[in-house]
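Below is one structure, written out as structure tokens; comments come after it.
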Amino acid sequence: MNRFFGSSAPKKPKPTLQDAIASTDARIASIEVKVRKLDAELARYKEQLSKLRNGPGKDAVQQRALRTLRQKKLYEGQIAQLGQQTFNMESAAMTTDNLRNTMATVDAMQTANKEMRKQYGKIDIDKIENMQFEMEELIEQANEIQETLGRSYAVPDELDEADLEAGNLGLMLLFVIELDALALEEEEEGASYLADLNKVPDFIDEPPVEVGETPARQEAIKTTA
């Protein structure tokens, strides 16, 4: 059948928003090129008008400048319209992308919800609570074991304030007794030192004579000695 009647031409894909935006931007760029050419012509006409005197020649240049200016205004209006179209299409494309992202987010959340329900359905809350109670008991047992191992055998378990005061009083008494003993030793050492000072050395045959003593007093001391 295709040999006799031919086959239908394949349908072209419909243009997307991005294709339409690209085509509009290309049209805007081509019109802007024309506007720049018209700006150059207007500058040339302005220069000519500044040099010409009033007359038919100057009037002709003015008419050409007015036509060029009207054409420029027309192109600028087209650029404004195409720019607005581009803006509208870009807004529509942005909205479409946002909706697409929203739908993807919703689908992902639904999938995650199903997965969470499936996973939480396998969890038994009672077993978790029992496990928590068992862990608490094990921790308490471990603390009791540590307290038992850290117990001291030579020290009584309990000491009240009376025992502490008695112990402190005994230490204070011992300290006072030691201070008294040290003081007594110092007194004895001081007395013996003074006695040694009053004693006559062995290498002196006669005791020292004080000033003012008479020879008779010295003789009496020798006889007594």
Side-chain angles (χ1 to χ4, degrees), residues 1-46 64-153 155 157-159:
M1 296 293 294
N2 291 334
R3 287 185 300 173
F4 297 103
F5 299 101
S7 60
S8 60
K11 295 181 179 180
K12 295 181 179 180
K14 294 181 180 180
T16 61
L17 282 175
Q18 298 299 331
D19 296 336
I21 291 171
S23 176
T24 305
D25 289 339
R27 290 175 60 189
I28 291 173
S30 63
I31 294 173
E32 286 178 347
V33 172
K34 295 178 180 180
V35 170
R36 286 195 292 271
K37 290 181 180 179
L38 294 176
D39 286 334
E41 290 181 7
L42 288 173
R44 186 172 65 254
Y45 292 149
K46 183 178 180 181
R64 287 195 297 269
L66 289 175
R67 286 195 299 269
T68 304
L69 184 60
R70 293 192 190 99
Q71 190 176 3
K72 177 186 176 183
K73 294 294 183 181
L74 178 63
Y75 286 152
E76 288 177 348
Q78 291 181 359
I79 291 174
Q81 291 177 356
L82 292 175
Q84 185 62 39
Q85 292 178 9
T86 302
F87 175 76
N88 294 335
M89 287 187 292
E90 287 177 349
S91 298
M94 186 181 299
T95 304
T96 303
D97 291 338
N98 291 335
L99 290 174
R100 190 180 295 111
N101 294 333
T102 302
M103 294 302 299
T105 303
V106 171
D107 292 339
M109 292 177 65
Q110 290 178 351
T111 303
N113 189 14
K114 292 179 181 179
E115 188 67 22
M116 290 173 65
R117 288 178 178 275
K118 186 186 297 183
Q119 294 297 329
Y120 278 110
K122 300 176 183 179
I123 297 175
D124 190 353
I125 302 298
D126 295 332
K127 289 183 179 180
I128 294 176
E129 290 181 353
N130 294 331
M131 182 180 65
Q132 288 291 104
F133 292 145
E134 290 178 359
M135 291 179 66
E136 290 178 359
E137 292 178 357
L138 291 173
I139 291 172
E140 290 178 358
Q141 292 178 5
N143 291 332
E144 292 177 358
I145 291 171
Q146 295 297 328
E147 290 178 359
T148 302
L149 293 176
R151 187 179 301 168
S152 179
Y153 300 105
V155 178
D157 294 335
E158 296 181 357
L159 289 176

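Here the structure is a predicted model, which means the values were calculated and not measured.
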*asked:* Is any side-chain heavy atom of E136 closer than 4.5 Å to one of I139?
replied: no
Between the CG atom in L42 and the CG atom in L66, the distance rounded to the nearest 0.5 Å is 9.5 Å
One should read off an interatomic distance between T86 OG1 and L17 CG, to the nearest 0.5 angstrom, of 11.5 Å
- Task: Could you tell me whether a side-chain N or O of N88 sits under 3.5 Å from a main-chain N or O of Q84, the two making a donor and an acceptor?
- Result: yes
Do Q85 and Q81 get their side chains close enough for a donor-acceptor pair, meaning under 3.5 Å? no
Q110 vs V106 side-chain heavy atoms within contact, under 4.5 Å:
yes
Contacts satisfying salt bridge (charged side-chain N to carboxylate O under 4.0 Å, His left out) that involve residues 27-44 (not counting sequence neighbours) are D39-K72
Minimal heavy-atom distance between V35 and Y75, with the atoms involved, is CG2-CB, 3.5 Å
Distance col, row I31:CD1 vs L82:CG, nearest 0.5 angstrom, shows 5.0 Å
One should read off an interatomic distance between M109 CE and M116 CE, to the nearest 0.5 angstrom, of 10.0 Å
Applied to residues 14-25, the salt bridge (charged side-chain N to carboxylate O under 4.0 Å, His left out) test, sequence neighbours excluded, yields none
Interatomic distance, CZ@R70 vs CG@L38, rounded to 0.5 Å, equals 13.5 Å
Let me check something: any side-chain donor-acceptor pairs from residues 94-102 under 3.5 Å, sequence neighbours excluded? List them with distances.
{"from": "T95", "atom 1": "OG1", "to": "S91", "atom 2": "O", "distance (Å)": "2.9"}
{"from": "T96", "atom 1": "OG1", "to": "A92", "atom 2": "O", "distance (Å)": "2.8"}
{"from": "D97", "atom 1": "OD1", "to": "R100", "atom 2": "NH1", "distance (Å)": "2.7"}
{"from": "N98", "atom 1": "ND2", "to": "M94", "atom 2": "O", "distance (Å)": "3.2"}
{"from": "N101", "atom 1": "ND2", "to": "D97", "atom 2": "O", "distance (Å)": "3.2"}
{"from": "T102", "atom 1": "OG1", "to": "N98", "atom 2": "O", "distance (Å)": "2.7"}

